[in-house]
Structures are given as C-alpha cells and as structure tokens.
Amino acid sequence: MNITYDESTRTFKLDTPKTSYLFQILGEEGFVGHVYYGARIEDTDLSYLLCVGPEPFAPSHTDRERASYMDKFLSEFPGHGLGDYRESCLNVRDEDGHEAVQLLYRGHRILKGKPALKNGFPATFAGEEEALTLELILEDSVLGLTCHAFYTVFADTDAITFSRYFKNESDRKLIIKKADSLSIDLWQEDYELLTLHGSWARERSIDRRPIGYGKTSVGSFRGESSHQEHPFLALVSGKATQETGNVLGVNFIWSGNFLAQVEKTQFDLLRVQMGIHPDQFSYVLAPGEEFQAPEAVSVFSAEGLGHMTRSFHDLYRNHLIRSPYKNKKRPILINNWEATYFDFHTEKLLSIAREAKKVGIEMLVMDDGWFGHRNDDNSSLGDWTVNEEKLPGGLKYLVDEVNKIGLKFGIWMEPEMISPDSDLYRAHPDWAIQVPDRIPTRSRNQLVLDLSRQEVVDHVFEMVANVLRSANIEYLKWDMNRQLTDLGSIGLSSEHQGELCYRYVMGVYQLQGRLVKEFPNLLLENCSGGGARFDPGMLYFGPQIWTSDDTDAIERLGIQEGTALVYPLSSMGAHVSDCPNHTVGRITPFRTRGHVALAGTFGYELDITKIPEEDRAMIPAQVEMYHKYNDLMRCGDYYRIASFRENHYYDCYEVVAKDKTEALVTYVQVLRRPNQHGRVLRIPGLDPERKYLVTFDDMEKKDLHLTGGALANAGIWMEEQWGDYRSVLIHITAE
Ligand code: DGJ
C-alpha cells in the first residue's frame with residue numbers, strides 16, 4: 001500500500017496491493033479530476049486521460065466553454081447546478097434558495113492508519129502500520145462550506161474506503177439535500193451491472209444486466225438497507241468470470257436509506273455513486289455545524305469476481321467486525337422460533353434444552369413471545385417484562401435452569417418497535433414515528449419508535465439493558481420486523497423533518513454502541529424479518545446477522561451465494577430446520593441441510609424433541625463436523641466454483657485456508673440430470689506444486705492424491721448421484 005502526491009503534476013496516487021487509484025488537481029481553481037482506477041501501475045502521470053477536448057481540462061484556461069467541459073470532466077467531486085448535467089455528488093441549498101455547489105481542492109494530509117468517523121459512525125479501522133489515509137480538504141468558498149474527504153488504503157486487502165464530513169463555515173444556514181459518500185467516473189469498457197435484489201425470504205439474489213444510457217440505480221427509502229435492494233453494486237466486464245476480468249464493487253457501511261447508481265453518459269463515460277438516498281432527506285447545517293456522511297468501500301479486481309469477494313471478506317473480517325467473537329467459533333445454538341412460534345413455556349424450553357445438550361448443542365435461544373401478553377404478533381412490543389404465565393419464576397429461573405443443563409442462554413428482542421397494544425404506547429403514543437392527524441400505517445400490527453429522539457433512545461437502552469442484566473444472557477438476537485413509513489417526528493421542527501431517517505439510524509447505532517460497551521462479551525446477532533438489514537453498518541456492532549427467514553437448504557444456496565459475494569461466511573446466520581420446510585414446503589435430506597448451514601454460523605431451528613429419530617441421530621456427527629471445519633470456514637478464502645442459480649443442476653463452493661494447507665469443498669447436486677454420468681469440478685486456490693489428499697464424506701469414492709495444479713486445472717470427477725438434493729463434503733489436506 002502507498003499514497004503519494006506528485007507536486008509537479010499535482011497527482012495523488014493511492015496503491016493497494018494490486019490496484020491503483022489516481023486523481024489530479026487542475027487549474028487555478030483546484031478542480032479535482034479522476035484519472036484512473038484499475039490494476040496496479042507504477043506511473044504517476046496519466047493526465048492525458050483527462051483530455052476530454054483538445055486541451056486538458058481547466059476552466060480557467062477556456063472559460064468560454066466552461067459548461068461543456070464541466071459536462072465531460074471526469075470529476076472526483078461532481079458539483080451541482082454549475083454545468084455538469086450528470087448526477088452530482090453533493091447538493092446544497094443556501095438561504096436564498098439557490099442550489100449550486102462545487103467543491104475545490106484546498107489542501108491535504110497523508111496520515112498513518114485511519115482516523116475514526118465522527119459521532120461513533122460505523123467504519124473500518126486499522127492500526128498505524130496497517131493502513132494509510134489521505135485527507136483531502138475541499139471548499140466551496142461562495143457557500144462557505146468545507147469538506148474533509150478521507151481515502152484509506154490497507155496493506156492486506158484491495159479495498160479503498162471513502163468518507164466525508166462537511167462543515168458550514170459561513171454565517172448563514174445551509175441545507176444539504178444530497179451528500180454521496182463515493183463518486184467515481186470511468187470510461188465504459190464492456191461493463192455490465194451486478195446488483196443484489198430480493199424480498200422477504202429471498203434476500204440478495206444476484207442480478208447481472210447490461211448498462212444502458214441514462215441512470216440505473218438500486219436504493220432503499222424504507223429506513224433500513226432492506227430485503228428488496230442492497231447497498232452494493234458491481235461493474236463487471238462482460239466476459240468476467242469468477243477468476244478473470246475487471247470488476248469494480250462498491251458497498252456502503254450504512255444501515256438506512258441508500259442510493260447506489262451508475263450513469264452512462266452521452267460520451268460513454270460511467271459515473272458510479274453510493275450515498276444516502278436523497279429522497280426524503282435534507283439536513284440543516286447551522287453556522288459552525290458539521291455533517292458526517294457514512295463510509296463507502298470500493299474494491300477493484302482485475303482477477304474476476306472471486307478476488308473482489310475475497311477482498312471484501314478480508315476487509316470486513318480484519319477491519320470492521322469488532323466483537324470478541326470475530327475470530328472465535330460461535331456456540332452452536334438451537335432457536336425455538338420454528339419449533340414453537342409463540343406457543344411455549346418454561347418446561348417446553350427446558351425439554352428442548354435437555355435434548356439439545358445430549359447431542360452436543362451449546363446454547364438455547366428463546367425467540368419472540370416471552371414478554372408482555374404476546375401470544376401472537378399483535379401486541380406487547382415495548383413491554384419488555386417477562387410473561388409469568390409462560391415463564392413462571394421469570395427469566396432468571398429459566399436461564400439458571402438452562403445453564404444447569406449445561407447450555408448457554410440467548411434471547412430475542414425487537415427494541416426499535418412499539419405495539420399500539422402495549423403499556424409503552426398507552427403511556428407515550430407520541431413516541432411512535434407518525435405524521436400528525438394521519439392514521440399511522442401499521443405493519444405486522446406494529447409501529448416504529450422514534451429513535452431520532454434522545455429520550456426514546458435512552459428509554460430503549462434501559463429496557464434492553466435491564467433484560468440483559470436480569471440473568472446470565474450471553475446472546476441477543478436483535479430483530480426489526482417492519483420498515484419505516486409515515487415519516488414524522490414530534491421531536492423535530494418542520495425544517496429538520498428531513499433528517500428523521502438519518503437520525504433514526506444514528507439512534508440504532510447509538511443503542512448498539514452503548515450495548516456492546518456495557519456488555520462486551522455479548523454475542524449480538526442482528527436480524528430484520530430475516531436478512532433485511534444485512535449490511536456492513538450492522539456488522540460493526542455484531543459479528544453475525546440472520547441471513548434469511550428462509551431456512552430451506554436449496555433456497556439458501558442462492559441466498560448464501562449472493563450474501564457471500566460480499567460478506568464473510570462468519571457473518572451469515574445459518575440453521576438446520578425441520579421438513580417440510582416452513583417457507584417452501586420442500587423436503588431435503590437432513591445431511592444436506594447440515595452441509596448447507598455449515599457455510600454460516602451454524603445452529604438448529606427445530607423442535608428437537610419431535611424430529612424423526614434418524615435426523616436427531618445425525619446431530620452429533622454434524623456438531624463434530626462444525627467443530628472440525630469452522631476455523632477453516634470462518635477464516636479461509638472463499639471460492640465460488642459453480643452456481644445452481646446459473647446452471648440449474650448443482651452448486652459448489654470452496655474455502656481454502658490462508659496457508660493453503662487445507663480446503664473444504666461443499667457440493668450439492670440439487671437436481672439429478674437425466675442420462676448425465678457426472679461432471680468435472682475444478683478446485684482453485686491451492687498451491688499448484690503441493691500434493692494433497694482428497695477425501696469424500698459418505699460416498700463410495702476412493703481418496704485421491706493430487707497436486708494443487710491438477711486440482712485447479714484437471715479437476716476432480718463427481719459422479720451424478722441417485723436422486724435430488726444430495727450433498728458431499730470434499731476435504732483436501734496437504735500431504
Ligand atoms: C423475524 C425473524 O427473522 C425470525 O427469525 C423470528 O425471530 C421472528 N421475526 C419473530 O417474530
């Protein structure tokens with residue numbers, strides 16, 4: 001990694017291990033022109049790339065045609081309303097109602113390590129020897145607005161992070177209407193657009209399509225990152241595969257509204273942007289006040305999607321997730337949601353715990369329905385006191401009994417919500433987000449607490465902390481089962497209403513930040529109606545997130561493929577559930593369900609006292625499998641070998657130890673292909689010179705002795721198996 005500034009050409013060059021990012025200061029004014037982002041190069045002067053006319057761009061030289069230059073310029077900080085008709089990265093309204101802004105270079109600093117963002121914002125972190133940061137100071141002197149833009153490169157991954165904060169240095173009010181965190185201009189190659197779309201129970205499906213002229217975007221203004229669209233996009237060169245071709249991936253460390261956009265212009269330039277969604281957003285900056293935009297991340301890979309994925313995984317594992325659990329095996333849990341839904345009591349939970357203990361499960365998680373008078377999803381959110389009819393003796397008695405059985409105890413809560421049928425709502429109806437005089441829009445019969453208000457945040461914190469203080473609770477599943485609507489807060493004056501969604505996310509972050517501070521050893525698993533808030537912002541607070549409410553092993557192949565495209569396997573909540581599956585009704589072998597859940601944090605979501613004996617009998621071996629392979633799965637390099645989503649027959653992925661001494665390949669034959677005898681699987685990522693032993697679990701297949709070169713190039717032969725949904729683990733160890 002390196003960051004240099006060449007005085008003679010006024011060029012900044014940021015190097016990651018395999019990529020370079022160049023931009024240049026232009027003209028007397030200090031325009032910032034984007035020069036290059038791609039595979040690592042040694043040159044620093046590529047200013048000819050900014051030659052969008054006969055001369056390099058500099059409006060001070062050719063003011064007659066400023067507008068046409070502005071509209072072609074490869075801009076690092078595209079302004080608004082001053083000649084660049086493409087999407088701006090910033091829009092500011094002044095007190096006179098004008099919307100015109102252009103940030104220009106004023107100075108810079110190169111720092112060791114990485115400074116924290118303001119206000120406890122989630123962000124990547126690094127020690128002094130692990131990263132370098134460029135702080136660029138920019139200004140719009142007409143508005144009196146300054147911007148500090150930070151770029152960080154890391155020694156151990158090909159990611160670059162981008163963050164910005166703004167300060168009103170004028171004596172007048174400014175209204176920020178848009179503030180992107182990242183904007184990159186580049187020439188169109190044959191790039192396609194890859195995004196992750198979804199819905200409840202089918203989150204983060206990979207969608208790849210050509211890029212047409214104009215703007216193409218994905219976004220959320222649901223108040224969270226959402227099931228539907230994901231704060232990630234990648235430009236993928238048309239022929240790119242897992243291992244070849246250019247890919248530029250962009251992600252957002254933010255858990256609220258976002259807009260990820262690519263614009264293809266009249267000159268075939270592409271502008272890629274990531275930031276808070278400008279719809280339903282405005283932020284008033286009084287004189288002297290600051291505004292922090294969240295951090296965005298980019299990864300360029302000249303080695304296909306696979307290298308992009310591994311770079312994101314390394315960044316998030318080493319520089320984002322903070323939990324003490326991040327480098328540890330997570331306890332194998334059993335969750336009672338699909339086992340009992342709301343219908344449980346202490347004895348039922350203890351009977352599950354006793355059976356679970358016998359087979360090696362390590363923690364019982366009590367899900368929704370233990371508080372207030374909640375026997376379905378119509379009431380009691382906000383009343384976090386135990387329902388003594390279900391749990392006589394209270395939480396402490398239950399937890400102590402579970403601990404006596406030899407299991408840890410975890411609990412479910414949904415702290416951000418309020419049921420209209422709750423004591424909390426009866427006492428504080430104004431604490432719900434709502435527009436006065438309108439009937440509040442309910443979803444799952446619940447409303448959202450107004451976490452833009454400090455008194456509400458403080459109250460929620462005490463409610464959650466009191467539960468955690470009341471017994472030996474070692475895990476919390478923090479759920480959020482509805483999205484925001486009716487955007488109104490009585491805590492905000494009319495001119496500040498546009499800040500609600502931003503301040504709401506800040507409230508969530510404040511809550512979780514305080515929580516992990518008071519309970520540093522708590523294992524926090526975030527969740528939002530499945531995986532609607534699976535984003536890097538939440539990973540900063542908890543090391544794992546419930547990936548999806550769809551626990552069907554076959555549906556999970558696609559959901560986990562899309563999720564693992566960006567996020568490390570160690571962050572994906574994955575459980576073995578009962579069949580027929582509660583979401584799709586499919587029946588799959590228990591063994592396959594175990595193999596698929598092994599990719600994530602691993603646990604069970606079933607009534608162990610009721611499942612078939614032959615399934616229960618398999619659990620001890622699955623527990624052993626988890627303990628044998630979890631270090632590898634959590635810490636290794638991920639390779640996608642085949643995708644059921646693409647080939648419609650089988651799925652295959654591999655995790656290779658960083659030192660290349662071991663690998664595990666998971667192969668699932670989803671459908672049997674008639675008259676097909678088998679297929680070759682090429683196994684990448686190992687040392688080509690080294691000899692490996694290849695073993696297959698539960699298959700009448702002889703061990704193999706092959707070099708990493710043979711595994712990657714010749715591959716192994718996998719016979720077609722009889723029947724659907726069969727899976728095999730292939731373990732590879734250095735000889
Ligand atoms: C949604 C979660 O994703 C489920 O696992 C479960 O906790 C329910 N909420 C409970 O209401």
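Because the structure is a prediction, the values reported are computed rather than measured. Residue numbers run from 1 in the order of the sequence given.
- Residues Glu99 and Lys177 meet the side-chain proximity criterion, which asks for heavy atoms closer than 4.5 Å.
- Using a 3.5 Å distance cut-off with no hydrogens or angles, the side chains of Asp367 and Asn336 do not pair a donor with an acceptor.
- Here salt bridge (Lys or Arg N to Asp or Glu O under 4.0 Å) pairs that include residues 387-398, with residues two or more places apart or in two chains, are Lys396-Asp400.
- Qualifying ring pair (Phe, Tyr, Trp, His ring centres under 6.0 Å) partners for Phe541, counting only residues two or more places apart in sequence or in other chains: Tyr509.
- Annotation: the span from Gln560 atom CD to Ser548 atom OG amounts to 9.0 Å, rounded to 0.5 Å.
- Here the shortest heavy-atom pairing between Leu320 and Pro536 reads CD2-O, 3.3 Å.
- Here Ser170 contributes atom OG and Leu145 contributes atom CG; the two are 8.0 Å apart, rounded to the nearest 0.5 Å.
- When only modelled atom types and interatomic distance are considered, Thr441 and Arg438 share no side-chain donor-acceptor pair under 3.5 Å.
- Scored by the side chain to side chain donor-acceptor pair (under 3.5 Å) test, Arg209 finds Thr195, Asp207 as partners (sequence neighbours excluded).
- Between the side chain of Ser323 and the main chain of Gly542, no donor-acceptor pair closer than 3.5 Å is present.
- Side chains of Leu449 and Leu424 form a contact here, defined as non-hydrogen atoms less than 4.5 Å apart.
- Pairs passing the salt bridge (Lys or Arg N to Asp or Glu O under 4.0 Å) check and including a residue from residues 527-541, sequence neighbours excluded, read Glu416-Arg533.
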So Ser571 and Gln544, side chain to side chain donor-acceptor pair (under 3.5 Å) or not? Walk me through it. CA-CA 4 Å; Ser571 66; Gln544 61 196 57; over 6 Å; no
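- Using modelled atom types, no side-chain atom of Thr340 and backbone atom of Phe342 make a donor-acceptor pair closer than 3.5 Å.
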Taking it one step at a time, do Asn251 and Tyr316 satisfy side chain to side chain donor-acceptor pair (under 3.5 Å)? CA-CA 11 Å; Asn251 197 198; Tyr316 293 154; 2.7 Å; yes
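- Counting heavy atoms from C-beta on, the side chains of Phe252 and Ser181 come closer than 4.5 Å.
- In this structure the side chain of Phe534 reaches within 4.5 angstrom of the side chain of Met572, judged on heavy atoms.
- Not a single donor-acceptor pair under 3.5 Å links the side chain of Gln483 to the backbone N or O of Ser226.
- Remark: Tyr475 engages no residue in a ring pair (Phe, Tyr, Trp, His ring centres under 6.0 Å) (not counting sequence neighbours).
- A donor atom on one side chain and an acceptor atom on the other are not found under 3.5 Å apart for Ser419 and Asp421.
- Of the possible polar contacts, none joining the Arg202 side chain to the Ile559 backbone as a donor-acceptor pair under 3.5 Å is found.
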For Leu522 and Val516, run side-chain contact (heavy atoms from CB on, under 4.5 Å): C-alpha distance rounded to whole Å, both residues' side-chain angles, the deciding distance at 0.1 Å, then the answer. CA-CA 7 Å; Leu522 181 75; Val516 296; 5.7 Å; no
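- Side-chain atoms of Asp84 never come within 3.5 Å of backbone atoms of Pro78 as a donor-acceptor pair (strictly under, hydrogens ignored).
- In this view, Glu289 satisfies the salt bridge (charged side-chain N to carboxylate O under 4.0 Å, His left out) rule with no residue, not counting sequence neighbours.
- Taking 4.5 Å as the limit, some side-chain heavy atom of Val467 sits within range of a side-chain heavy atom of Met413.
- Every residue meeting the ring pair (Phe, Tyr, Trp, His ring centres under 6.0 Å) condition with His459, not counting sequence neighbours, appears here in chain and number order: Trp431.
- With rounding to the nearest 0.5 Å, the separation of SG in Cys89 from CZ in Phe162 is 12.0 Å.
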Please step through salt bridge (charged side-chain N to carboxylate O under 4.0 Å, His left out) for the pair Glu95 and Lys173, ending with a clear verdict. CA-CA 6 Å; Glu95 276 186 0; Lys173 216 181 273 173; 5.5 Å; no
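- A 4.5 Å side-chain heavy-atom check between Ile253 and Phe121 finds every atom pair outside the cut-off.
- In summary, the side chains of Trp412 and Asp479 do present a donor paired with an acceptor at a separation below 3.5 Å, with no hydrogens or angles considered.
- No side-chain donor-acceptor contact under 3.5 Å links Glu263 and Gln273.
- Using modelled atom types and a 3.5 Å distance limit, the side chains of Glu414 and Asn481 yield a donor-acceptor pair.
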How far apart are the C-alpha atoms of Ser489 and Asp450, what are their side-chain angles, what is the distance that settles it, and do they pass the side chain to side chain donor-acceptor pair (under 3.5 Å) test? CA-CA 7 Å; Ser489 164; Asp450 184 355; 2.6 Å; yes
Go through Trp254 and Tyr540 one step at a time and tell me if the ring-ring contact (aromatic ring centres under 6.0 Å, His included) criterion holds. CA-CA 10 Å; Trp254 180 243; Tyr540 184 70; over 10 Å; no
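- Within the 3.5 Å criterion, the main-chain N or O of Gln497 finds no donor-acceptor partner in the side chain of Glu499.
- Taking the ring pair (Phe, Tyr, Trp, His ring centres under 6.0 Å) definition, one finds that Tyr341 meets it with Trp337, His582, sequence neighbours left out.
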Audit row: Thr485, Arg482, side chain to side chain donor-acceptor pair (under 3.5 Å) steps and yes/no: CA-CA 9 Å; Thr485 59; Arg482 65 155 292 177; 2.9 Å; yes
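- Residues passing the salt bridge (charged side-chain N to carboxylate O under 4.0 Å, His left out) test with Arg469, sequence neighbours excluded: Glu462, Glu518.
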Working for ring-ring contact (aromatic ring centres under 6.0 Å, His included), residues Phe312 and Tyr567: CA-CA 7 Å; Phe312 275 116; Tyr567 303 103; 7.9 Å; no
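- Using modelled atom types, no side-chain atom of Arg222 and backbone atom of Ala532 make a donor-acceptor pair closer than 3.5 Å.
- Side-chain atoms of Arg330 do not come within 3.5 Å of backbone N or O of Gly603 as any donor-acceptor pair.
- A side-chain N or O of Thr124 and one of Glu295 form a donor-acceptor pair less than 3.5 Å apart.
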Atom pairs and distances, side-chain donor-acceptor, residues 274-286, under 3.5 Å, sequence neighbours left out:
{"from": "His277", "atom 1": "ND1", "to": "Asp279", "atom 2": "N", "distance (Å)": "3.1"}
{"from": "Tyr283", "atom 1": "OH", "to": "Arg503", "atom 2": "NH2", "distance (Å)": "3.2"}

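- When side chains are defined from C-beta on, Glu525 does not count as touching Pro543, because their heavy atoms never get closer than 4.5 Å.
- Applying the side chain to side chain donor-acceptor pair (under 3.5 Å) test to Thr551 and every residue at least two apart in sequence or in another chain returns Glu338, Ser577, Asn581.
- Listed by chain and number, the residues in a salt bridge (charged side-chain N to carboxylate O under 4.0 Å, His left out) with Arg442 amount to none (sequence neighbours excluded).
- Looking at Asn387, its side chain never comes within 3.5 Å of a backbone N or O of Trp370 through a donor-acceptor pair.
- No donor-acceptor pair closer than 3.5 Å links the side chain of Gln446 to the backbone N or O of Met417.
- His230 is not listed as a side-chain neighbour of Glu203, based on a closest heavy-atom distance of 4.5 Å or more.
- Arg204 contributes atom CZ, which lies 12.5 Å from atom CD of Glu561 (distance to the nearest 0.5 angstrom).
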